[in-house]
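Down below is the structure, laid out as structure tokens.
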Amino acid sequence: MSGGAAGNGEAAPGDHLQSLYHYWLVGHQLERGAAPWRDPYTFRPEAEPQPNYAGWPFGFLFWPIGAAFGLVAGWNVLQLLIYVLAGLFACAWLRELGLPRGPALAGGLAFAIAPYRVQQSVGHLLGPISILLPLSLWAFERARRGSRWWLVLFGAAVASIPLSGQVHLALGAIPFVLAYALCRTSDRGLLAGAVAGALAAIGAGLLVRETLINGSTESGGRKLAEITRYSARVGDFLSRNLDHGRSEQFVYLGWLTPLLALVGLVLLLRARRYALGGVLAVGVAAPIVLALGTHTPLYSPLWHALPPFRFPRVPERLLPIACLCIAALVAFALARARSALVVAVAIVLLFVDLHAHVYRPSAAGRPEQVAFRADGRVLELPVFDPSVHYGSVYLWYDTASRRERPGGYSTTAPRAAKRSSDRLQRLNCGDWSGGTAALLDRLRVRAIALHVGLYDRAGVPAWFAWQALLSHGWKVQRTAGPVWLFQRSAHGKNTTLPAPNPTVPVFCQGWYGDTGRGRYMSETHAPFWVFGRGRVHPRFAPSSVQPRVRTTNTAGWRLVTVDVPHLVHVSGQKRRVGARLLAVVTQSGK
């Protein structure tokens, strides 16, 4: 149960694999007597063991479920269980507000199947973690009516939002629950408990910042241009169709449901419950306005004035608060209906109105068949930047190998791991220049998994990496479809890949696209392959950056590596570039 991306014969990439890995890691660490909040495998040895905040709290729930059903079925069971908990927590909170059972059930349903929350449950942790919002409000209401020990659950639920790594949601959740507490009671003891819970959440957020964000590739925050890319538009709130290329901008709230919520708000105000109505109204409006990001004049001043808002790149992350408030207002609207039939019809209409097709089945691959169990580390090819979600596949395969690896998938990867990844990406295209073999020895890489199915995402044929591995003494030991596990050995399995078209040069990472007047280097080291006999003569445009060119031969193909000392600004180019390649001529004149 996930996004259904193409797997090309192996596990389909997606955030569901990252979330599942973090859930699995909690139980795995507990079983081996290690700290469940540590990831001992990712970005090693370039970084210390990474914090596994994403495993809290559902990793502890997944541990027995995964043990009973297996990881794949266990993931599906947990997904369904979290939907039940979302509805129950919201329903329990609404019951504490004095609503009848039927309207409270309808409100719980509206929150559980809110399209944005569902979309953020497909693989992202935001959807599951959002169920802590109604849990915290329910616990606060219980504290109002009974023992104040319920404030412990309130504080734990609020603090768990940033502690799980969902610090963006916490930016809205903390002021929201404080405002809710102020509108619900004037009791100083209860308010002190609410403030204590908020302070615990702030402390958890600071812990995540100091131990995970600081020192990472995102320690300086995000640029406004990145936020613009992920900002929703007004029409997105009315669009039921999910464009998987713009999944973060999927913010559909329903057509009938918001209207019914508006009726509920009017009824609350007419009943003179101004404080509660005001909090719920702001809880809907503020996340919706912020979801529009830089498409409104408000986000940029907020980004400049409040440093915490400089780190999230997706401004829609506060929408679970709006989903909960809309659900509550729907319940208040239905509470005026005295007929159970009206409520039943409304529940059916909610299913119809809030339906959105976001789940698709995803292939799981066969990690056990290519698991590396010997000493040493595992490197997966192609190497992706740590922030690219295709690396989630490698997290999933490591649940079988359970070995340290230089790579990983995280938007908050350590800078050292990022530098190592940039260097190792040369291997994607079969480029072993610049002491790559020595680097693998230093990293104690004893196995290399070639994921042929992922090479469509790498932009180059897998043939060059495969040939280079063979020529450097690495042989295929095990296979699972398009996943081949290489080790240094004199013997191995026979494998074949179709050779690339010899009439077309193959440009590896390090080059921008053809401008029609040549091709600029995007990095200081830029290789390409060309097929032909004799020497290769690349021609460059006159430039202040003088390239250094080396050529090596492989099965009729020539690997040409171009190096420049630094990138420069060139008129007409938005980014700094290296030399501009005009043409490549072999001795045969091709």
If you measure from the Lys or Arg side-chain nitrogens to the Asp or Glu carboxylate oxygens, is any gap between Glu46 and Arg415 under 4.0 Å? no
Will you find, in the side chains of Asp15 and Tyr409, an N or O donor that is under 3.5 Å from an N or O acceptor? yes
Judged by modelled atom types alone, do Trp466 and Thr495 share a side-chain donor-acceptor pair under 3.5 Å? yes
Salt bridge check, Asp398 against Arg405: does any charged N sit closer than 4.0 Å to a carboxylate O? yes
Testing Trp63, Phe58, Trp56, Phe62 one by one against Phe60 for a ring-ring contact (aromatic ring centres under 6.0 Å, His included), which residue passes? Trp56
Kindly indicate whether the side chain of Lys475, heavy atoms from C-beta on, has any atom under 4.5 Å from the side chain of Lys493. no
Ion pair Asp441/Arg488, N-O distance below 4.0 Å: yes
Distance from Leu440 atom CG to Arg446 atom CZ, nearest 0.5 Å? 9.5 Å
Before accepting this row, confirm whether a basic side-chain N of the pair Glu248/Arg317 lies closer than 4.0 Å to the acidic partner's carboxylate O. yes
Between Gln18 and His389, is any side-chain donor less than 3.5 angstrom from a side-chain acceptor? no
Under a 3.5 Å threshold, yes or no: a donor from one side chain and an acceptor from the other, between Thr515 and Arg580? no
Could you tell me which non-hydrogen atom of Ala47 sits nearest to which non-hydrogen atom of Pro414, and how far apart they are? CB-CG, 3.6 Å
Mark yes when over 12 heavy atoms from residues, nucleotides or ligands other than Arg229 sit less than 6.0 Å from its CZ; otherwise mark no. no
Regarding Ser2 and Ser362, is there a side-chain donor-to-acceptor distance under 3.5 Å anywhere? yes
Pair Tyr41, Ser401: side-chain N/O donor-acceptor within cut-off below 3.5 Å: no
Which of His525, Glu523, Arg426 passes side-chain hydrogen bond (donor to acceptor under 3.5 Å, both in side chains) with Gln509? It is Glu523
Looking at Phe507, I'd like to know if the NZ or CZ of Arg519 sits under 6.0 Å from its six-membered ring centre while staying within 45 degrees of the ring's axis. yes
